[in-house]
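All remarks here apply to the structure that follows.
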Amino acid sequence: MKIDAPFIHLFKTPLGFYLYDVNTGQILKIDKRVYNYLANVKKDTDEETLQKINILREEGFLKNNRVEITEHPYTELLPFALQTRMGNLILQVTQNCNLRCEYCIYSGNYKTRGHSNTRMTFDTAKKAIDFLIQHSKERHKIFIGFYGGEPLLEFELIKKCVKYADEMADGKEVVYVMTTNATLLSEKVIDYMIEHQFKLTISVDGPREIHNRSRVFANKEEGSYDIMMRNIKRIKEKSESYYQESVQFNTVMLANDGFSCLENYFHGDELFSDSFFSASTVSSSYAKSESDISDEFLQEQQYELFKSFLGMLHRLDSKHVSILLDGYIGRMKQFDTMRHQLGRREVPAKWHRGGPCIPIVNRAFVTAEGNILPCERVCEIANISKLGTIEEGIDIGKAQKVLNLEKYTEDNCHNCWAYAECTTCIQCCDSKEDNISENILKCCKQVKHGTEEVLKDCAVLKELGYDFESDSLVGEPEVIFSEE
């Protein structure tokens with residue numbers, strides 16, 4: 001169905017009025033009269049405003065083009081890429097964990113599997129590594145990750161896998177990756193991690209009283225904070241360079257604890273103050289119940305974001321800038337960079353919204369039983385997630401179905417202003433096949449809100465002279481039709 005209205009999204013900030021032009025991906029500053037005209041607030045429009053609208057059209061903006069046919073541009077290339085371009089294998093060496101975190105995706109509070117004693121055999125691991133090597137002919141560097149549960153419960157298996165991969169990789173550079181709760185990082189394990197230059201992500205939720213509330217040992221009602229901290233200190237003492245280059249942290253923020261107390265803690269501890277953090281609130285994907293975020297938490301988060309922006313504008317020393325918002329700042333920079341790199345003039349008639357990555361090519365998650373999933377964040381027991389097995393290979397049809405996930409909701413997607421910036425993928429899908437559309441659409445409100453926040457923040461920073469590409473100030477930015 002042809003729609004005459006321009007494909008745009010209007011928004012305001014304290015610095016003015018803007019439009020996001022979906023076809024070109026550009027953010028434009030406009031004056032209030034143009035804003036009101038485009039928003040249909042004021043129908044009787046003066047000649048000057050109409051002239052500005054015409055100039056925008058002449059410059060290639062305000063087109064009404066929408067996607068008409070859902071097809072990911074990588075669809076036809078996928079079979080070839082699956083044969084030659086795999087780059088990242090994640091091995092679920094165990095489904096067990098020595099901790100029992102209430103918010104864990106495997107805690108029983110989500111519509112997916114729970115903890116179990118299922119472990120990967122070396123035979124399955126070898127087949128998975130062989131699969132990666134055989135299907136990565138065009139990759140010089142490959143990544144092998146170890147995942148759980150807690151992967152270090154299977155340290156002996158990990159060592160066998162590393163030895164086997166080093167022998168079989170045939171001149172490729174192999175990078176080893178692990179996410180761990182750090183409780184099993186003994187002297188022997190740390191030495192091994194350093195020797196083989198493992199990229200470690202360690203889960204730390206905050207100070208002792210916060211961390212211990214969630215990250216409790218399975219076999220005793222005792223928190224893991226003290227053991228974890230002791231082991232982190234050991235890594236840094238053994239090799240400062242390894243610690244700085246190869247260790248980062250993941251934090252699950254419990255919103256009832258407040259944002260500032262976590263920020264102040266990580267800033268105040270020399271173990272964390274110069275480290276990279278990825279931070280998130282408790283996952284809502286296929287959760288059995290909703291988790292609320294308090295107004296106080298959001299206010300404190302916004303204050304820390306404000307301080308981050310002051311740092312980017314060289315108005316605040318970096319030592320006062322948020323650690324926990326590194327991921328959001330990175331998303332803003334990626335958003336701005338991608339818009340300029342693409343340089344599109346209109347959305348294609350045949351396309352696919354943002355969200356799905358290239359399944360198996362970007363990363364392949366192999367479960368302990370040998371099933372192949374798109375990544376470690378999807379529901380393991382959902383049929384849509386199972387794209388093949390190590391024994392039988394990849395089902396190309398199912399992989400293309402995941403790549404073209406928009407087909408479940410295309411009637412809603414084609415006219416959505418956040419089409420190109422959408423982040424929804426099969427992470428949000430639970431185990432019920434007939435719930436896929438419903439689960440995807442549940443995410444829409446949050447995706448659009450998050451995208452608008454990025455648009456606003458990018459617009460304000462650029463207005464104040466920040467250049468995302470050079471990560472520096474460039475003086476007064478050029479604006480279009482700013483009010484006098």
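Values in this document were obtained by computation on a predicted structure and should not be read as measured data.
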Applying salt bridge (charged side-chain N to carboxylate O under 4.0 Å, His left out) to E410 and K407, what does each step give before you reach the verdict?
CA-CA 5 Å; E410 59 186 350; K407 286 186 178 293; 5.0 Å; no
Donor-acceptor contact present, side-chain K137 to main-chain Q134, <3.5 Å:
yes
Which atom names give the shortest non-hydrogen contact between T112 and I105, and what distance separates them?
CG2-O, 3.1 Å
Any donor-acceptor pair under 3.5 Å linking the side chain of S107 with the backbone of Y103?
no
Can you tell me how far NE2 of H135 sits from CD1 of I394, rounded to the nearest 0.5 angstrom?
7.5 Å
With distance as the sole test, does S136 use its side chain to make a donor-acceptor pair with the main-chain N or O of I133 at under 3.5 Å?
yes
Kindly compute the distance separating CG (N117) from OG1 (T94), expressed to the nearest 0.5 Å.
7.5 Å
When you measure from the side chain of K398 to the backbone of N383, do you find a donor-acceptor pair of N or O atoms at a distance under 3.5 Å?
yes
One should read off an interatomic distance between R363 CZ and L373 CG, to the nearest 0.5 angstrom, of 12.0 Å
Does a sphere of radius 6.0 Å around CD in E433 hold more than 12 heavy atoms from other residues, nucleotides or ligands, not counting ones at 6.0 Å or beyond?
yes
Under a 3.5 Å threshold, yes or no: a donor from one side chain and an acceptor from the other, between Y20 and K456?
no
Answer yes or no: is there an ion pair linking D123 with K127, defined by an N-O contact shorter than 4.0 Å?
yes
So does K448 pair up with E452, basic N to acidic O under 4.0 Å?
no
Short question: side chain of R353, backbone of T424 - any donor-acceptor pair under 3.5 Å?
yes
Distance (rounded to the nearest 0.5 Å) between I384 CD1 and D430 CG
10.5 Å
Residues at least two apart in sequence or cross-chain that pass ring pair (Phe, Tyr, Trp, His ring centres under 6.0 Å) with F297, listed by chain then number, are F259
Any chance you could lay out the side-chain contact (heavy atoms from CB on, under 4.5 Å) test for R66 and V22, step after step, and finish with the verdict?
CA-CA 9 Å; R66 267 79 167 170; V22 180; over 6 Å; no
Are more than 12 heavy atoms from other residues, nucleotides or ligands located less than 6.0 Å from atom CD of Q197?
yes
Between the side chain of R139 and the main-chain N/O of R85, is any donor-acceptor distance below 3.5 Å?
yes
What are the two closest non-hydrogen atoms of M253 and L262, and how far apart are they?
CG-CD1, 3.7 Å
Smallest separation among heavy atoms of M86 and A364, with atom names
CE-CB, 3.8 Å
Any idea which heavy atoms bring V402 and P374 closest together, and the distance?
CG1-CG, 4.5 Å
Got a sec: does the NZ of K386 have more than 12 other heavy atoms crowding it under 6.0 Å?
yes
For E469, does the CD atom sit with more than 12 other heavy atoms under 6.0 Å from it, leaving out its own atoms?
no
Would D471 and K333 count as a salt bridge (charged side-chain N to carboxylate O under 4.0 Å, His left out) if you check the C-alpha gap in whole Å, the side-chain angles of each, and the deciding distance to 0.1 Å?
CA-CA 9 Å; D471 193 20; K333 292 179 178 179; 3.5 Å; yes
Can you establish whether the number of heavy atoms outside E270 located under 6.0 Å from its atom CD is more than 12?
no
Would you please say whether a donor-acceptor pair under 3.5 Å links the side chains of E406 and H414?
yes
Side chains of Y106 and R100: is there a donor and an acceptor less than 3.5 Å apart?
no
Determine whether the side chains of N98 and T183 contain a donor N or O and an acceptor N or O closer than 3.5 Å.
yes
Is it the case that over 12 heavy atoms from other parts of the model lie below 6.0 angstrom from the CD atom of E240?
yes
Tightest non-hydrogen contact, residues L461 and F468, listed as CD1-CZ, 3.9 Å
So, the side chain of S308 versus the backbone of E304: is there a donor-acceptor pair under 3.5 Å, distance only?
yes
Assess whether atom CD of E369 is packed by more than 12 heavy atoms of other residues, nucleotides or ligands within 6.0 Å.
yes
Expected output: side-chain Q92 to main-chain A368 donor-acceptor under 3.5 Å
yes
Worked check of side-chain hydrogen bond (donor to acceptor under 3.5 Å, both in side chains) between N181 and S224
CA-CA 9 Å; N181 60 39; S224 58; over 6 Å; no
For R215 and G223, indicate whether the former's side chain and the latter's backbone hold a donor-acceptor pair under 3.5 Å.
no
Criterion salt bridge (charged side-chain N to carboxylate O under 4.0 Å, His left out) on R234 and E237, from CA distance to verdict
CA-CA 5 Å; R234 276 181 177 174; E237 289 168 357; over 6 Å; no
For F155 and Y192, I'd like to know if the aromatic rings sit close, meaning centre-to-centre distance below 6.0 Å.
yes
In terms of ring plane angle, is the pair Y225 and Y265 parallel, tilted or perpendicular, where the classes change at 30° and 60°?
tilted
For the residue pair S214 and E102, confirm or rule out a side-chain donor-acceptor distance under 3.5 Å.
no
Residues Y242, I235; criterion side-chain contact (heavy atoms from CB on, under 4.5 Å); working and verdict:
CA-CA 8 Å; Y242 173 78; I235 300 173; 3.8 Å; yes
CA sep, side-chain torsions, deciding dist, call: S275, V247, side-chain contact (heavy atoms from CB on, under 4.5 Å):
CA-CA 8 Å; S275 299; V247 179; over 6 Å; no
Check: T389/E391 side-chain N/O donor and acceptor closer than 3.5 Å:
no
Side-chain H-bond candidate by donor/acceptor type, T180 with E150, under 3.5 Å:
yes
Mind checking whether H72 and H352 have parallel, tilted or perpendicular rings, split at 30° and 60°?
tilted
Anything under 30° is parallel, anything over 60° is perpendicular, the rest tilted; go ahead and classify Y176 against F198.
parallel
Inspect the surroundings of NZ in K233 and state if more than 12 heavy atoms from other residues, nucleotides or ligands are less than 6.0 Å away.
no
Would you please classify the geometry between the W351 ring and the Y419 ring as parallel, tilted or perpendicular, with 30° and 60° separating the classes?
tilted
Say whether, by atom type as modelled, one donor and one acceptor occur between the side chain of Q400 and the main chain of T75 under 3.5 angstrom.
yes
Mind checking whether L455 and W417 have side chains closer than 4.5 Å, heavy atoms only?
yes
Polar contact flag, side-chain donor to acceptor under 3.5 angstrom, N439-Y408
no
Interatomic distance, CZ@R331 vs SG@C458, rounded to 0.5 Å, equals 9.5 Å
Before you tell me yes or no, could you show the steps for I210 and R213 under side-chain contact (heavy atoms from CB on, under 4.5 Å), namely the whole-Å CA-CA distance, both residues' side-chain angles and the distance that decides it to 0.1 Å?
CA-CA 5 Å; I210 292 176; R213 192 187 315 144; 4.0 Å; yes
Nearest heavy-atom approach of H267 to S273 is O-CB, 3.6 Å
Do NZ/NE/NH1/NH2 and the carboxylate oxygens of E167 and K163 come within less than 4.0 Å?
yes
Spacing of CG belonging to L387 relative to NZ belonging to K401, to within rounding of 0.5 Å:
10.5 Å
